Amino acid sequence: MKKNLIVFGTRPEAIKMAPLVQEFKKHSDIFETRVCVTAQHREMLDQVLDFFNIQPEYDLNLMKANQNLYSLTADIIIGLKEVLEDFKPDYVYVHGDTTTTMAASLASFYSGAKICHVEAGLRTNFKRTPFPEEMNRQLTGRIADYHFAPTEASKENLLKENIASETILVTGNTVIDALIDSSKRVEDIYNLEIENLKKIVKKDVKTILVTGHRRENHGDGFIRICEALREIALINQDVEIIYPVHLNPNVKRPVYEILSGIDNIKLIEPLAYPAFVWLMDKSYLIITDSGGVQEEAPSLGKPVLVMRESTERPEAVVAGTVILVGTNKELIVNEANKLLNDEDKYTRMSVLHNPYGDGKACERIVNYISNLE
Ligand code: UD1
Ligand code: UDP
């Protein structure tokens, strides 16, 4: 039996690792698979665990209100020591670019386990953008033994850093596995959040879906983002903006201060994954700084304005379904107005497009690990 430990801590990691947990659990004849959550996020993580019906064997329960990177990093390394010593995994799976990813990789390296990096090789090559994710991802790439790259471009990035090609597998992004699975399941279940959303998403009104949380946008960046959203709402009274606000206090504070009380802006709690996917599908346009949303939206044919200066996910920008607008107020307002009023531009950007995967990423990862000596 090969022993697998799958480690994650935040909402996006959970969404993207859930299908891998399920895939490994199908092969319990050759793998003993356990899940460890750091709970870098709490409520937003639990929403995902509930939906995918995952009961972690280990829960470090680390989240603190308004936590800082220093203590979070240290707590993850210390917390994982016990888990690694208890289970003694052969393989540890980490995902993407969070502090959980980087700290768990380092702890696993100390333990002697082989480190498998899911969603490897994305790069902006700007050390501080996104912050601290670009460095988290590069450091994890250095430590990892196996690299599951979502696209050919991410594989190329790894090859340029002299990562041995036989340790890299292009898999597609597991987010598409999750998206396909949840789109199917959501049709069969009664979902209270979706029923509530149906009351605010009106058929004849264009819905703009907004999310945002990046650390490098905290402060002035978020103020400009909120001012842009207020202007879009005031100019376009016939449009409804729905914004599930991230629980980070550095996001919640300016968002509620600047955007409360505007009739056509609805500030709501973070949605559980199936309701968020439903809302993406019903939206006319998405404005976000999220990594995961940039990957999901093109496969739903939704144009996206990305509130970042650079992206480690260039595929959809090249395909023309994503435009980078940074946190420049004028640019956000102008691009949103163009998409609301210029039908040709909107149609060109809303072509269904799926550069990020075919829903079989987890199957490929499990096959690859099964075939290792
Ligand atoms: C983290 C990740 C980021 C990822 C994002 C996804 C790092 C450094 N950042 O950013 O890469 O894109 O998650 O959303 O790894 N909070 C709650 N409840 C929750 C979640 C967060 O109250 O369920 C609040 C807490 O006060 C917490 C704060 O948000 O201290 C910040 O959480 P943290 O994980 O440090 O940063 P994020 O901005 O969420
Ligand atoms: N998401 C969600 N509920 C929300 C907002 C987003 O389930 O209210 C999902 C979204 O579908 C995507 C992921 O969360 O899969 C993105 O998470 P986030 O933007 O927090 O992090 P990032 O992807 O930027 O790391």
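Both counts, for ligands and for their atoms, begin at 1 and track the order of listing. Residue indices begin at 1 and follow the sequence shown. Keep in mind that what you see is a predicted model, and the values were worked out from it rather than measured.
Taking the six-membered ring where the residue is Trp, Tyr346 and Tyr284 present parallel rings, their angle staying beneath 30° rather than reaching 60°.
One side chain, Asn68 or Ser71, offers a donor N or O that lies under 3.5 Å from an acceptor on the other. Between Glu13 and Thr98, the side chains place a donor N or O and an acceptor N or O closer than 3.5 Å (distance only, hydrogens not considered). In this model, a donor atom of one side chain and an acceptor atom of the other lie less than 3.5 Å apart for Thr151 and Ser154. At a cut-off of 3.5 Å, with distance as the only test, a side-chain donor of Glu119 or Asn173 sits close to an acceptor on the other residue. In summary, the side chains of Ser105 and Ser108 do not present any donor paired with an acceptor at a separation below 3.5 Å, with no hydrogens or angles considered.
Contact atoms of ligand 2 toward Gly291: 22 (P), 23 (O), 24 (O) (distance under 4.0 Å to a heavy atom of the residue). Taking every heavy atom of Pro270 and a limit of under 4.0 angstrom, the matching atoms of ligand 2 come to 8 (O). Those atoms of ligand 2 with a heavy atom of Arg214 less than 4.0 angstrom away are 24 (O).
Residue contacts with ligand 2 for Tyr273 involve both N, CA, C or O and side-chain atoms from C-beta outward (heavy atoms, distance under 4.0 Å).
A cation-pi geometry, defined here as NZ or CZ lying under 6.0 Å from the six-membered ring centre and within 45° of its normal, holds between Arg185 and Phe51.
For atom 13 (C) of ligand 2, the closest non-hydrogen atom of the protein is Ile15 CD1, 3.8 Å. What sits closest to atom 10 (C) of ligand 2 on the protein, heavy atoms only, is Glu296 OE1, 3.4 Å. The nearest heavy-atom contact from the protein to atom 25 (O) of ligand 2 is Pro12 CG, 3.4 Å. Annotation: atom 16 (C) of ligand 2 to nearest protein heavy atom, Ser290 OG, 3.5 Å. Protein heavy atom nearest atom 23 (O) of ligand 2, with residue, atom name and distance: Gly292 N, 2.7 Å.
The salt bridge (charged side-chain N to carboxylate O under 4.0 Å, His left out) analysis of residues 249-274, with sequence neighbours excluded, yields the pairs Glu240-Lys266.
A salt bridge does not link Glu32 with Lys2: none of the charged nitrogens is closer than 4.0 Å to a carboxylate oxygen.
Contact between Asp289 and Phe222 at its shortest, heavy atoms only, is OD2-CZ, 4.3 Å.
When Gln294, Arg11, Glu193 are checked for heavy-atom proximity to atom 14 (O) of ligand 2, Arg11 turns out nearest. Comparing heavy-atom distances from atom 3 (N) of ligand 2 across Leu271, Val293, Val48 singles out Leu271 as nearest.
Residues lining ligand 1 at a heavy-atom distance below 4.0 Å are given as Thr10, Pro12, Gln40, His41, Arg42, Glu43, Met44, Met63, Lys64, Ala65, Asn66, Gln67, Leu69, Thr98, Thr99, Pro132, Glu133, His213, Arg214, Arg215, His246, Leu247, Asn248, Pro249, ordered by chain and residue number.
Each of Arg137, Lys16, Arg214 was checked for a salt bridge (charged side-chain N to carboxylate O under 4.0 Å, His left out) with Asp97, and the lone residue meeting it is Arg137.
The ring of Tyr91 has its center no closer than 6.0 angstrom to the ring center of Phe31.
Ligand 2 has a nitrogen or oxygen under 3.5 angstrom from a nitrogen or oxygen of His213.
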